[in-house]
Amino acid sequence: MSILEGLNERQYEAASHLEGPQLIIAGAGSGKTRVLTHRIAHMIKECGIDPFNIMAITFTNKAAGEMRERVDRIVGEGCEAVWVMTFHATCVRILRRHIDHIGYDNNFTIYDSDDSKSVMREVFKKLNIDTKYLKEATVLRAISNAKDECLGPNEYAENYGRQYDKREIAQAYELYQRTLKDNNALDFDDLIRLTVALFKRCPEVLEIYQNRFKYIMVDEYQDTNDAQFELVRLLASKNKNLCVVGDDDQSIYKFRGANIKNILNFEEHFPGAKVVKLEQNYRSTQNILNAANAVIKNNRGRKNKELWTDREDEELVHFNVYPSGRDEASEVIDQIERMKRRGVADFGDFAILYRTNAQSREFEEQLVRRNIPYYLVGGVNFYSRREIKDLLAYLKTIDNARDDLAVKRIINVPKRGIGATSIEKVSAFAESNGMGFFEACALAEEVPGLNKAAVKVSGFVDQIAEFRDCLVKEGMTAALKKIISVTGYYEEIKNSDEDDAEDRLANIDEMISTLQQFENEHPEGNLSQFLEEAALVSDLDSTDEDSSRVLLMTIHSAKGLEFPIVFLCGMEDGVFPGYMSINSGNDEDIEEERRLAYVAITRAKDILYISAARGRMVRGETSYNPVSRFVREIPEELLSEDGDDTKGYLDYSRSRASEPERYSSIPKSVDIEKAAASGIFKKNAMAALSGESKRKPVFEKKPEAPRQPVVLKKAGEMKFGKPDYEVGDRVMHIKFGEGTVLAIEKAARDYQVTVNFDMAGQKIMYAGFAKLQKC
DNA sequence: TAGTTGGGTTTTTTT
DNA sequence: AACCCAACTA
């Protein structure tokens, strides 16, 4: 058994067990990809299993690519037939063959979230929904959640349609879905949901895949949602050779539908499952692991697990508190520069992690100022940038003009003098004649009321024809170049005064080379294939993470990665855990954040720096928050402080947190005089306000500070008066019904009211917003 | 039709 | 603070 030789005992156990359901609980850094790839290689090379019968499903293209590459390397020839793909790519592949069984056309298009939003905007218009009352994003989120649970419009209406504000959502869902259907389009969630629907409605199709995929593996199983679970369950239900790998402690995607119960209840879903735990960590020092273990053990809903390592290196976890977010950023970068200068590490060894994208700014500013190379992960994906989406829309239109959305996107880009009213007229004409939008454009002369605009529309149609001609005669890249030059797209950006014009031009060049590369690699390929690939790929394979740059990213995007030196920043209650999760009053939300903290800590291989700021600008207001509870959960003997009074502040945060108290979403306001009088603010806040805060901690000894997080704001801006009810009163809410007022607290611009509703439970709301009626 | 201004909102991300 | 959207004005 040579392939499995290098594995440790547990890993070996997991990789060699092939028949029947298996759950591999793989702690952070425990070598799960290694187990998966070696398991596949072992099956093919040593057990004579046909690669044709194996399937491995991942969440990201990156993970799929990595796994494919590693399997290729171990197995060599003969493993091409293995399906190693993302959930979405797998489903597209299946649907392209069989979706006609459930009434779609096999050459459906895939809408990304941008497209979905445009559709929803139209839906809102048609249904006359006031965006002040209900937002597109809210409805889209609701629909996405419904789809994650495999609920179609009808089921949704049945389940929720009678609830107060769900009726409109149900209607919007219905129309949204019909619009997609009319455009022969699927959104990302449909890809999964409709594959499940297909399998359920056509057992003969399901059987094809059950017979083919006798061995199924799923990576990052803790991230699966209900629809994905159902998909996997159906596929595996015949042969039952399902091997899932995951870590319940790293489940951090609840907000996008991941259901942690899928992994927690695996043994009930698949009776007789073998469970293997991988707890040996090959990444971090024991101190870092101890810190991670100490934090995560505060979660209740989890499989017990403790990471350990052979490593001896015993540097403590650094923890520092700085006066402001800006100080935090500059100190962190100082530290990076120092270590680089001393030759301890290269820029590429550092990663700066934070909870929210907004926190990247201060770090970026510092890095730019000091000329340190960095790479900011996140932001806008390549294929969702405006200029790229425009060009893709052109390509879609010349490929087949069936995607109305794409045509509408570019009909006036660059400006051709075709405005919203003209588009509306063409649209109405198309609808009443049962034709596509582009077909209607071609008949511009016959569209009533277009008048002068008809010439412009025809001009656009002619241009598209010209591009099509070029596509046929000279190929895809040539056509793209022609689009860019003939429409004057390049010039328009160049002459614009936007300050990211240069970036956008560079993106266009990048797009040209991407298409050129595709053409080189797929001489037989066509535009449709390229567009499909683009639809399922969010970003270009990032240029191999240029190994000499400091990396900046959210903790979410750091999942699955590791770095020699990690700075975990913004560790304050209200920031991380975020105020949303603190306020929801739902323990599960805090547990999710705690898992996020666990992910963050376990990214560090050698050195971990944790930091917090006493005060920080959040959405234009300075808020003062205590040190994150997650830091307080780390035993002090694991921490070392570099600054003067970090420990004092930590103790102080601890003492303050020992009283049961809730932090408000917008920290409570205090008038500036009172704040100044209470000591902490005097120096701290004044310094922060004047932008001259010193990097040394402000207090020498035990600080005296307000009992609660506090925001400094321009004094005297109370928007709403005190409500007419008091603690203990019975009140009525339009949605939640009757309840008892538990607390009323003064907040930044309003009063914050905690109410225990008879039906809906405890909620926190703003008095001015909730309009509670005393009863 | 197109550019400007003001008001309201604000986690996390993949496909 | 920054961004997006809608309404307003030239």
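Computed from a predicted model, the values in this text were never measured in an experiment. Lettering follows sequence order; numbering is per chain, from 1.
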Both A/Ala535 and A/Ala453 contact DNA chain B. Which one's nearest nucleotide lies toward the 5' end? A/Ala453
From CZ of A/Arg193 over to P of B/dT14, roughly how many Å is that when rounded to an integer? 23 Å
How would you label the contact of A/Ser422 with the nucleic acid (heavy atoms, under 4.0 Å): base, sugar-phosphate, or nothing? sugar-phosphate
Could you state the CE-C1' distance from A/Met580 to B/dT11, rounded to the nearest angstrom? 7 Å
Atom CD of A/Glu572 to atom P of B/dT11: distance rounded to whole Å? 18 Å
Using whole Å, report how far CG of A/Asn495 lies from P of B/dG3. 13 Å
Can you find a pair of side-chain heavy atoms, one from A/Leu186 and one from A/Tyr111, that are under 4.5 Å apart? no
Categorize A/Asn412 for me: base, sugar-phosphate, or nothing, with a 4.0 angstrom heavy-atom threshold over every strand shown. sugar-phosphate
Hey, does the side chain of A/Arg361 come within less than 4.0 Å of C/dA2's phosphate (OP1/OP2), counting only N and O? yes
Span that lies between the C1' atom of C/dA6 and that of B/dT11, in whole angstrom: 25 Å
Salt bridge A/Lys254-A/Asp589, side-chain N to carboxylate O under 4.0 Å: yes
Is the distance between the ring centroids of A/His556 and A/Tyr354 under 6.0 Å? no
Using only side-chain N and O atoms of A/Asn357, determine if any of them is under 4.0 Å from OP1 or OP2 of B/dT11. no
Under 4.0 angstrom, heavy atoms only, what part of the nucleic acid is A/Gly578 near: base, sugar-phosphate, or nothing? nothing
Would you classify A/Lys254 as touching base, sugar-phosphate or nothing, given that sugar-phosphate means primed atoms plus P, OP1 and OP2, and contacts are heavy atoms under 4.0 Å? nothing
Heavy atoms under 4.0 Å, any strand shown: does A/Phe87 hit a base, just sugar-phosphate, or nothing? nothing
Starting from C1' on B/dT15, measure out to NZ on A/Lys62 and report it in whole angstrom. 16 Å
Test item: A/Lys147 and A/Leu191 side chains (from C-beta on) under 4.5 Å apart, heavy atoms: no
Under 4.0 angstrom, heavy atoms only, what part of the nucleic acid is A/Asp112 near: base, sugar-phosphate, or nothing? nothing
Classify A/Lys117 by what it touches in the nucleic acid, base, sugar-phosphate, or nothing, heavy-atom distance under 4.0 Å. sugar-phosphate
From the candidates B/dA2, B/dT13, B/dT9, the one with an atom nearest any side-chain atom of A/Arg256 is B/dT13
Is the base of B/dT15 stacked against the aromatic ring of A/Phe59, taking ring centres under 5.5 Å apart and planes under 30° as the test? no
Expressed as a whole number of angstroms, how long is the span from A/Arg355:CZ to B/dT12:P? 7 Å
Nearest-Å distance for atom pair CG/C1', residues A/Leu596 and B/dT12: 7 Å
Roughly how many Å is it from CZ in A/Arg594 to P in B/dT11, rounded to a whole number? 23 Å
I'd like to know if A/Glu220 pairs up with A/Lys32 as an ion pair, taking the criterion as any Lys NZ or Arg NE/NH1/NH2 lying under 4.0 Å from an Asp or Glu carboxylate oxygen. yes
Could A/Arg386 and A/Asp114 be called an ion pair, given the rule that one side-chain N must be under 4.0 Å from one carboxylate O? no
If each of A/Thr86 and A/Gly419 is mapped to the nucleotide of DNA chain B with the nearest heavy atom, which maps nearer the 5' terminus, i.e. the 5' end? A/Gly419
Work out how far the P atom of B/dT13 is from that of C/dC4, and round it to whole angstrom. 16 Å
